[in-house]
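Here the structure is laid out as structure tokens; the discussion comes afterwards.
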Amino acid sequence: MTNAHPSLSPEDIERLKAPARRASIYRIFSYFSPLLLLLLWELSAQAALIDRRFFPPPSAIAGTAWDMIVSLELFDHIGATLRRVGVGYAMGAIPGVLLGLLLGLSAPLRRVLGPIFAALYPVPKIAILPLILLIFGVGDASKFVVIAIGVFFLMFYNTLGGVMQIPQIYLDVARNAGATRFQTFRRIALPSALPSIFTGLKLAAGSSFIIIAAAEFLGARSGVGFFIWASWQTFAVSRMFVGIVVISAMGYLTILAIEALERRFVPWSKH
Amino acid sequence: MNMAVSQTGRNPVAANAAAAIEVRHLVKAFYDASGDRITLAATDVNFTVKRGEFVCIVGPSGCGKTTVLRILAGLEQKLSGEVRIDSTTPPAMVFQEASVLPWLTVAQNVAFPLSLRGVSAEKQRGRVNELLELTGLTEFASAYPHQLSGGMKQRVSVARSLVDDRDVLLMDEPFGALDEQTRLTLQQELLGIWERTGKTVVFITHSVDEALTLADRVLVMSPRPGTIVADLAVPFERPRDVVEMRRDKRFWDLTYEVWRLLAASPEH
Ligand SMILES: Nc1ncnc2c1ncn2[C@@H]1O[C@H](COP(=O)(O)OP(=O)(O)OP(=O)(O)O)[C@@H](O)[C@H]1O
Ligand SMILES: [Mg+2]
């Protein structure tokens, strides 16, 4: 349909398309805007506004990073962290979404089980890490579990909130169209809650990287968190910063990836 | 009841046709627990709709029209009274407010009832295209609802209610958001569909004009708590020409009659 508009002049079409084009340019820039922070840091360090012993300039960190990339030292750590986050995230997100949908649609279940989740939610995930290490050992399993717990609650509450906000009319439409309970779940509740689910996925991705860093400090022999901790112990500040930047970038890129999925799977909502 | 007899159309309904919908002494109230308040929405509602009949309900805003229709559709529980629907398929409903699903395209919205039943994609497509054609939405088949006008969304709802061809059609001000021109076209289409398929239709409108254009009978409701205060036969022969019938004096006499009834309803 788009290209057949004989009644519009080329200038009109230009004007019509301009906002969308501007938006996509902004989006490209927005991917790189965190780099501005690095630039500011570099300049402050060069101008000796901040203590170089604690905040080596990004250029120095980049040098260290380059050495580590060449020696492939970092990649094992990145791989270990990604594996733990990936598995733990899925272990938490899938039950979180399903239970959120279930409790959102069923008032009796919500009344009975809701308070249990509400009571468990405020328990600090890091505080129970020693317990989890005790139960699941210092291997990957304990990391999966601690991330899964953190992700679960974010997904559960965001999904529940999304389902609770479904306009009654959509449920009426489903009922009148003859939807079974499962179809209402799958065809109405899930898509209505999808925007909230994506908000949850982004929040959960951010906290997964926060949790994994802490978990790897305490009980791991690999991973970016372990790498940061080990660098700190030998007072290798540049290496430590490489670790910090790497884990931040991993979180950031994950969120960007989820946003791309959101644009693909929630095409009806405005971004 | 003086039904006009036409030679051309399928209608009117034979005077002895079986009742498709029977409502006896229906009462509906809402209770608001937080304010401890009871709202009586409808009291002692009585009417019968014969199989294949087209009945319009008119009445002032808030008198309980939507409530009665929702009870017929099984979306709301009655407080007391009797409601009987004699049909092999459940009634299809066109809702008063925007009811298209925002995450589905126009075509998917129309196909929704079929897709729930696992009708083959090919069959769905054929049927959906027919209805998009009928409602003038073919060009927007793959658009999302947020890209449509209010009237177009309403047309999607109408198309969806027709897609799986149920016997009873409950329509709650389906053409309310449309301009005069489109409304006339859709009224004509609806009458065409009804005449071809023999559906039983209950149609709510706040337009006396629309009621007389479409209905075999017009039920007039009193202000809240609503009850049926008049049951008027509309004598025009079928098939009707929605433009031509406005030259008929009886049209304006009936318009006057309904207006008088609406104005005479005691206020509460
Ligand atoms: N879910 C509900 N909870 C409480 N009160 C309700 C509910 N639905 C309807 N009512 C009340 O019942 C009465 C009748 O409402 P209804 O929607 O049936 O009116 P209506 O005749 O369709 O009006 P309109 O022409 O404006 O659409 C109103 O007073 C309304 O406030
Ligand atoms: Mg209404």
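Every chain is numbered from 1, with letters handed out A, B, ... down the list of sequences. Below, all heavy atoms of this structure are taken into account, side chains as well, without hydrogens, waters or symmetry copies.
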### Task
For the residue pair Pro102(B) and Tyr170(A), establish whether any side-chain heavy-atom pair is separated by less than 4.5 Å.
yes
### Message
Please classify the contact between Pro91(B) and chain A as side chain, backbone, both or neither, with a heavy-atom cut-off of under 4.5 Å.
### Response
backbone
### Query
Minimum heavy-atom separation for Gly178(A) to Leu116(B), with atom names?
C-CD1, 4.1 Å
### Message
Give me the atom names and distance for the closest heavy-atom approach of Phe112(B) to Ala174(A).
### Response
CE2-CA, 4.0 Å
### Query
Heavy-atom count around Leu35(A) CG within 6.0 Å, excluding the residue itself: above 12?
yes
### Message
Please check: side-chain N/O of Trp103(B) versus main-chain N/O of Ile188(A), any donor-acceptor pairing under 3.5 Å?
### Response
no
### Message
Show, in sequence, the C-alpha distance, side-chain angles and deciding distance for Val173(A) and Met93(B), and conclude whether the side chain to side chain contact (heavy atoms under 4.5 Å, CB included) test is met.
### Response
CA-CA 8 Å; Val173(A) 166; Met93(B) 176 109 174; over 6 Å; no
### Query
Measuring heavy-atom distances to chain B, does Ser192(A) have an atom under 4.5 Å in its side chain, in its backbone, in both, or in neither?
both
### Query
Do other residues, nucleotides or ligands put more than 12 heavy atoms under 6.0 Å from the CZ atom of Arg186(A)?
no
#### Entry: Atom CD of Gln147(B): over 12 foreign heavy atoms under 6.0 Å
yes
### Proximal component of Val163(B), with respect to chain A [non-hydrogen, under 4.5 Å]
neither
### Summary
Honestly, the part of Ser115(B) sitting under 4.5 Å from a heavy atom of chain A is both
### Main-chain N/O of Gly74(B) paired with Arg175(A) side-chain donor or acceptor, under 3.5 Å
yes
### Task
First locate atom CG of Leu101(B), then atom CD1 of Ile169(A), and finally report the distance between them rounded to the nearest 0.5 Å.
9.5 Å
### Query
When you look at CD of Gln181(B), are more than 12 heavy atoms from neighbouring residues, nucleotides or ligands closer to it than 6.0 Å?
no
### Query
Hey, is CZ on Phe30(B) packed in by over 12 heavy atoms from elsewhere, all under 6.0 Å?
yes
### Task
For Arg117(B) and Ala177(A), indicate whether the former's side chain and the latter's backbone hold a donor-acceptor pair under 3.5 Å.
yes
## Note on the structure
Rounding to 0.5 Å, atoms CH2 (Trp268(A)) and CG (Leu104(B)) come to a distance of 8.0 Å
### Query
Would one find more than 12 heavy atoms of other residues, nucleotides or ligands at under 6.0 Å from atom OH of Tyr31(B)?
yes
